[in-house]
Visitor: 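Below is a structure I'd like to ask you about.
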Amino acid sequence: MDSKLRTWRLLPGDDRYATAMSKPTAAKDDAAARIRAAIRAIPAGEVAGYGEVARRAGLPGRARLVARILGQNEDPDLPWHRVLRSDGRIAFPEGSKGFREQGQRLRAEGVRVEAGRVRGQRAAATLDEQMWGVPMAPPAKAKPRRARTSPAKHSAAPSKAPARAKRPG
DNA sequence: AATTAGGCTTCGG
DNA sequence: TCCGAAGCCTAAT
């Protein structure tokens, strides 16, 4: 009864083959690995935003990828709880399992969490800020940073069809 | 192959 | 603080 079960493989010719082979698995694994590394690099008692983690991983603009990686993560040692939204709030829905756990994990490290928000450092925007605890100087405001998140469109309607506006915050 | 729904997002207004 | 729009990525149609 095992002769059939163990030997089939996905081969060229099978229509699923092209799909499987076209996936840039290596690149994705690499990105995921870097993201996890960036998260592990956040010291206990400190926090960082999704976007910041992405930046440190060399993936500017892929904040949501960070969220996705965390969602799939199975490594119990990964300090996922140190990753917050850019405004310093916990990303999970208030009252959810994850929300509570993240809050308690952070508090266990001495981080002040009030109403689902971290007080003190609003999810360090930069390495300097994380190391020094405070921005060295007012960031002026010039920050054309946002590669892929938020286009900073100051006017006019989209020339193309309105992209599906996702869930309201 | 193209499109859609959704999510641990983000920025600006 | 809340809301809308834009960009990212995956699984399901």
Side-chain angles (χ1 to χ4, degrees), chain A residues 10 14-40 42 46-107 109 111 113-119 121-126 129 135 138-169:
Chain A
L10 195 57
D14 185 314
D15 58 358
R16 292 167 300 176
Y17 181 85
T19 301
M21 295 310 284
S22 68
K23 296 197 173 188
T25 305
K28 268 195 290 193
D29 288 350
D30 181 64
R34 276 156 47 193
I35 287 172
R36 284 190 292 267
I39 293 173
R40 286 191 208 97
I42 305 171
E46 306 269 345
V47 296
Y50 289 90
E52 180 56 25
V53 168
R55 250 174 326 228
R56 293 179 193 171
L59 304 165
R62 300 205 226 341
R64 300 191 84 154
L65 174 58
V66 173
R68 191 165 300 285
I69 297 302
L70 283 179
Q72 299 172 165
N73 179 62
E74 292 176 19
D75 179 357
D77 294 323
L78 191 73
W80 57 269
H81 56 284
R82 310 213 263 248
V83 185
L84 307 166
R85 283 193 192 154
S86 60
D87 61 3
R89 291 192 306 172
I90 288 174
F92 287 111
E94 185 170 350
S96 69
K97 179 82 177 296
F99 179 91
R100 285 192 296 274
E101 173 153 13
Q102 184 162 17
Q104 80 180 33
R105 283 189 182 224
L106 286 172
R107 283 187 287 266
E109 294 184 349
V111 177
V113 184
E114 290 174 27
R117 168 188 318 215
V118 168
R119 302 293 304 221
Q121 50 227 291
R122 197 187 83 249
T126 66
E129 189 173 330
K141 82 164 88 172
K143 198 177 183 184
R145 192 53 81 186
R146 298 181 321 312
R148 289 166 179 82
T149 36
S150 279
K153 216 173 258 291
H154 57 296
S155 69
S159 51
K160 301 184 303 181
R164 33 197 166 82
K166 296 277 76 178
R167 27 179 299 271

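Everything numeric here is computed off the predicted structure, so don't read it as measured data. All chains are named by letter (A, B, ...) in the order of the sequence lines, taking the proteins before the strands, and each is independently numbered beginning at 1.
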Visitor: Taking the side chain of Arg117(A) as heavy atoms from C-beta outward, which of dT1(C), dT9(B), dG6(B) is closest to it?
Guide: dT1(C)
Visitor: Taking the side chain as every heavy atom from C-beta outward, state whether Arg56(A) and Ile42(A) have any atom pair closer than 4.5 Å.
Guide: yes
Visitor: Nearest whole Å is fine: how far is dG7(B) P from Leu70(A) CG?
Guide: 16 Å
Visitor: Test Glu52(A) against Arg55(A) for salt bridge (charged side-chain N to carboxylate O under 4.0 Å, His left out), laying out the working first.
Guide: CA-CA 5 Å; Glu52(A) 180 56 25; Arg55(A) 250 174 326 228; 2.8 Å; yes
Visitor: For Gln72(A) and dC9(C), give me the distance from atom CD to atom C1', rounded to whole Å.
Guide: 9 Å
Visitor: To the nearest Å, give me how far apart CD1 (Ile90(A)) and P (dT10(B)) are.
Guide: 14 Å
Visitor: Ignoring the backbone of Ser86(A), work out which of dC8(C), dT1(C), dT10(B) is nearest its side chain.
Guide: dT10(B)
Visitor: Taking the side chain as every heavy atom from C-beta outward, state whether Gln102(A) and Leu84(A) have any pair of such atoms under 4.5 Å apart.
Guide: yes
Visitor: Can you tell me the distance, in whole Å, between the CZ atom of Arg62(A) and the C1' atom of dT9(B)?
Guide: 14 Å
Visitor: For Gly103(A), is there any backbone N or O sitting under 3.5 Å from a side-chain donor or acceptor partner on Arg105(A)?
Guide: no
Visitor: Considering only distance and modelled atom types, tabulate donor-acceptor pairs under 3.5 Å from the side chains of residues 70-81 of chain A, sequence neighbours left out.
Guide:
| from | atom 1 | to | atom 2 | distance (Å) |
| --- | --- | --- | --- | --- |
| Asn73(A) | OD1 | Asp75(A) | N | 3.1 |
| Asn73(A) | ND2 | Asp75(A) | O | 3.0 |
| Asp75(A) | OD1 | Asp77(A) | N | 2.7 |
| His81(A) | NE2 | Glu109(A) | OE2 | 2.8 |

Visitor: Test your reading of the model: is there a side-chain donor-acceptor pair from Arg85(A) to the backbone of Gly49(A), 3.5 Å cut-off?
Guide: no
Visitor: Does any N or O in the side chain of Arg89(A) come within less than 3.5 Å of the main-chain N or O of Gly116(A), such that one atom is a donor and the other an acceptor?
Guide: no
Visitor: Based on Watson-Crick and G-U pairs with both distances under 3.5 Å, what dot-bracket line describes DNA chain B 5' to 3', crossing pairs as [ ] and inter-strand pairs as |?
Guide: .||||||.|||||
Visitor: Just the rounded figure in Å: distance from C1' of dC8(C) to CZ of Arg55(A).
Guide: 15 Å
Visitor: Rounded to the nearest angstrom, tell me the gap between atom CG in Asp87(A) and atom P in dG13(B).
Guide: 17 Å
Visitor: Gly51(A) near the nucleic acid: base, sugar-phosphate alone, or nothing, with a heavy-atom cut-off under 4.0 Å?
Guide: sugar-phosphate
Visitor: In whole angstrom, what separates Arg68(A)'s CZ from dA5(B)'s C1'?
Guide: 11 Å
Visitor: In whole angstrom, what separates Phe92(A)'s CZ from dG6(B)'s P?
Guide: 19 Å
